[in-house]
Amino acid sequence: MRHYLRIVSNSQRFLPRGRRWFSGILAAVVLSGMLAGCADSGGSKVINLYNAPQENLKTIVDRCNEEAAGDYKIVLNTLPRDADSQREQLVRRLAAGDSGMDVLGVDVTWTAELASAEWILPWPDEQRAQAEKGVLEAPLETAMYEDEMFAAPYNTNVQLLWYRSDLMPEPAQTWDELIDVAEELKAKGDPHYVEATGAQYEGLVVWFNSLIESAGGSILTENVKDVEMGDPAVEALEQLQRFSTSSAANPSLSNTQEDQARLAMESGSSFAQVNWPFVYPSMVEGQPDMAKNFKWAPYPGIDGKGAAPLGGANFAVSSFSQNPDLAFDAALCLRSPKNQLTAATKDGLPPTIESVYSESEMEEAYPMRGAILDALENAAARPVTPVYQNISTVTSSVLSPPADIDPDSAQQQLRDQITLALESKGVLP
């Protein structure tokens, strides 16, 4: 999942049925893409970059164009704000064989889907070696599919526990400890909510995936071909339901996404939240007095420190690019150490290259950088499968609203529906 400092919020071939006019739209998209791919600027070959909104990405693009010295010119194309719409636009255009797309900013959960459909190219050995250099293990794994690299790690992300030290002097380590603190604060008439992403969307799946990993289990088996679930899933579901019906749960939990969680804490109604690091600069800027007591700690678990949700985004090269060699070069530049530093300090995107965390500019922007690096050691990645989107859709449906979960029946329902999701072909939820 992706989160930006000022933009606060991570297949198979198919065409929708019953829409005869849609083929005309696809043809227009392909034609416009081909024209865009052939266009040039002062003799430079155009490399079209498609990426999620990022406030300072143009600065990075301009820097790469200057360094290219006329070999190519990156043209920035901005995708919609929400991840589902971003994926939908990319998938539709790739399914149409759009040659006007070169470098693609992809969420870490999309790599397997796009690679399996042969819509993105594996990285050649030389460029792969450059893209891997100095990259942390967890984000590097998100760029792989079946032992090949299909994307270059650009930014990573992990959730932490963010809390007010004036209300909780020592951070809780488990969800049950957070519930206990909430009950104590409620008895005193103090803010007592813990914000979490309980709405029916990817954030709820991320939360459940972390809980089942903390319980020692997994959604899928190691070969990602079958459903695992079992007792760890029941334990995770019990924890999710227990929290959602406790004093710690905000009454709006079933409608809460990342930004609502951030705003609720900034409003003063909550003493803690689990969220991505974008909440820190937002608190510092929006509530400087509250920010004095705004601290961070490891993501909570069931019996101890939890497995933090893992997010981020990478750069892939479209299989339909007319200039793939230049596209690989452009992608390497866009995620260089210097440009990752810009993305980190200006747009709140944690780097994937370990050495960037040691840069002096990171000290003020990322006082929690040590906690991020620690969390990446055992972060909970989501299943790497071409049908992840289908799995996510059915999982969020079964888990919503979390307060109504019956652990045993929900585990069986998840098992049945995810099994069907694993067998689906080309579904666009």
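Heavy atoms of other residues, nucleotides or ligands lying less than 6.0 angstrom from CG of D147 number 12 at most. For D62, the CG atom counts as densely surrounded, since its 6.0 Å shell holds more than 12 non-hydrogen atoms of other residues, nucleotides or ligands. Open room surrounds CD on E354; 12 or fewer heavy atoms of other groups in view lie less than 6.0 Å from it.
For the 3.5 Å distance criterion, the side chains of E266 and S282 qualify, holding a donor opposite an acceptor. The closest side-chain donor-acceptor pair between D176 and Q239 falls under 3.5 angstrom. Side-chain contact check for Q412 and D416: at least one donor-acceptor pair (N or O, by modelled atom type) lies under 3.5 Å. Side chain to side chain, Y366 and E361 fail the donor-acceptor criterion of an N or O pair below 3.5 Å. Side chains of T342 and N56: a donor-acceptor N/O pair is absent below 3.5 angstrom, by distance only. Side-chain contact check for Q273 and N275: at least one donor-acceptor pair (N or O, by modelled atom type) lies under 3.5 Å.
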| said: Checking F278 against E258 for the side-chain contact (heavy atoms from CB on, under 4.5 Å) test, could you report, in this order, the C-alpha distance in whole Å, the side-chain angles of both residues, the deciding distance, and whether it holds? | reply: CA-CA 10 Å; F278 80 97; E258 288 93 337; 4.1 Å; yes
| query | Yes or no on side chain to side chain donor-acceptor pair (under 3.5 Å) for N250 and T256, after CA distance, side-chain angles and deciding distance? | reply | CA-CA 9 Å; N250 193 316; T256 298; 5.9 Å; no
| request: Using the side-chain contact (heavy atoms from CB on, under 4.5 Å) rule, take V194 and Y163 through it: C-alpha gap first, then chi angles, then the decisive distance, then the call. | output: CA-CA 9 Å; V194 177; Y163 67 99; over 6 Å; no
| request: Would you sort out whether D325 and D329 count as a side-chain contact (heavy atoms from CB on, under 4.5 Å), showing the intermediate values? | output: CA-CA 6 Å; D325 291 341; D329 290 343; 5.5 Å; no
| request: Please test S318 against L94 for side-chain contact (heavy atoms from CB on, under 4.5 Å), starting from the C-alpha separation and ending with a verdict. | output: CA-CA 8 Å; S318 168; L94 290 168; 3.7 Å; yes
| message | Please determine whether salt bridge (charged side-chain N to carboxylate O under 4.0 Å, His left out) holds for the pair R382 and E202, giving the CA-CA distance in whole Å, both sets of side-chain angles, and the decisive distance to 0.1 Å. | response | CA-CA 11 Å; R382 282 156 283 176; E202 179 66 11; 2.7 Å; yes
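Side chain of S99 to backbone of Q322: no donor-acceptor contact under 3.5 angstrom is found. Between the side chain of Q86 and the backbone N or O of R81, at least one donor-acceptor pair lies under 3.5 Å. At distances below 3.5 Å, not a single donor-acceptor pair connects side-chain atoms of S270 with backbone N or O atoms of A272. Judged by distance alone, with hydrogens and angles left aside, the side-chain atoms of D102 form no donor-acceptor pair with the main-chain N or O of S321 at under 3.5 Å. Between the side chain of Y357 and the backbone N or O of P351 there is at least one donor-acceptor pair closer than 3.5 Å. Using a distance-only test at 3.5 Å, with no hydrogens or angles considered, a donor-acceptor pair links the side chain of N339 to the main chain of C333. Judged purely by atom type and a 3.5 angstrom limit, S214 uses its side chain to pair as donor or acceptor with the backbone of A307. Not one N or O on the side chain of N155 forms a donor-acceptor pair closer than 3.5 Å with the backbone of G312. Q241 contributes no side-chain N or O that, together with a main-chain N or O of L237, makes up a donor-acceptor pair within less than 3.5 Å. When atom types are taken as modelled, the side chain of R87 and the backbone of D84 share no donor-acceptor pair closer than 3.5 angstrom.
The closest side-chain heavy-atom distance from P309 to N209 is not below 4.5 Å. Side-chain contact between T111 and M144 is absent, with no heavy atoms from C-beta onward closer than 4.5 Å. Taking the side chain as every heavy atom from C-beta outward, F328 and V103 never approach each other to under 4.5 Å. Taking the side chain as every heavy atom from C-beta outward, L220 and D226 never approach each other to under 4.5 Å. Taking 4.5 Å as the limit, some side-chain heavy atom of L211 sits within range of a side-chain heavy atom of I302. Looking only at side-chain heavy atoms (C-beta outward), K225 and L422 stay at 4.5 Å or farther from each other. Counting heavy atoms from C-beta on, the side chains of L57 and N51 come closer than 4.5 Å. Residues L104 and V317 have side chains not in contact (no heavy-atom distance under 4.5 Å, counting atoms from C-beta outward).
In summary, R262 and E195 do not engage in a salt bridge, as defined by a charged side-chain N under 4.0 Å from a carboxylate O. Using a 4.0 Å cut-off between charged side-chain N and carboxylate O, R92 and E88 make a salt bridge. Between E67 and R63, none of the side-chain N atoms (NZ, or NE/NH1/NH2) sits under 4.0 Å from a carboxylate O, so this pair counts as no salt bridge.
One distance of note links OG of S210 with CD of E213; it measures 8.0 Å at 0.5 Å rounding. Within the model, atoms OH of Y154 and CD of Q340 stand 7.5 Å from one another, a figure rounded to the nearest 0.5 Å. Of the inter-residue distances, the one linking T245 atom OG1 with I405 atom CD1 reads 10.0 Å to the nearest 0.5 angstrom. Within the model, atoms OG of S246 and OH of Y193 stand 10.5 Å from one another, a figure rounded to the nearest 0.5 Å. Note that CD1 of I219 and OG1 of T385 are 11.0 Å apart. Values are rounded to the nearest 0.5 Å. The CZ atom of F315 sits 11.0 Å away from atom CG of L332, with the distance rounded to the nearest 0.5 Å.
The two residues A52 and L79 have their closest heavy-atom pair at N-CD1, 4.1 Å. For the residue pair S396 and T393, the shortest heavy atom distance occurs at OG-O, 3.1 Å. When all heavy atoms are compared, the tightest approach of S319 to E118 is OG-O, 3.0 Å. Taking both residues in full, the closest heavy atoms of R335 and I353 are given as O-CD1, 3.8 Å, listed atom of the first, atom of the second, then distance. Across all their heavy atoms, P153 and L140 have their closest contact at CG-CA, 4.1 Å. Heavy-atom minimum distance, L161 versus P171: CD2-CB, 4.5 Å.
Among L49, N65, N48, the one residue that satisfies the side chain to side chain contact (heavy atoms under 4.5 Å, CB included) test with V75 is N48.
Taking the six-membered ring for Trp and thresholds of 30 and 60 degrees, W175 and W207 have ring planes inclined between 30 and 60 degrees apart.
Checked against the 6.0 Å centroid criterion, the rings of F150 and W123 do not qualify as a close aromatic pair.
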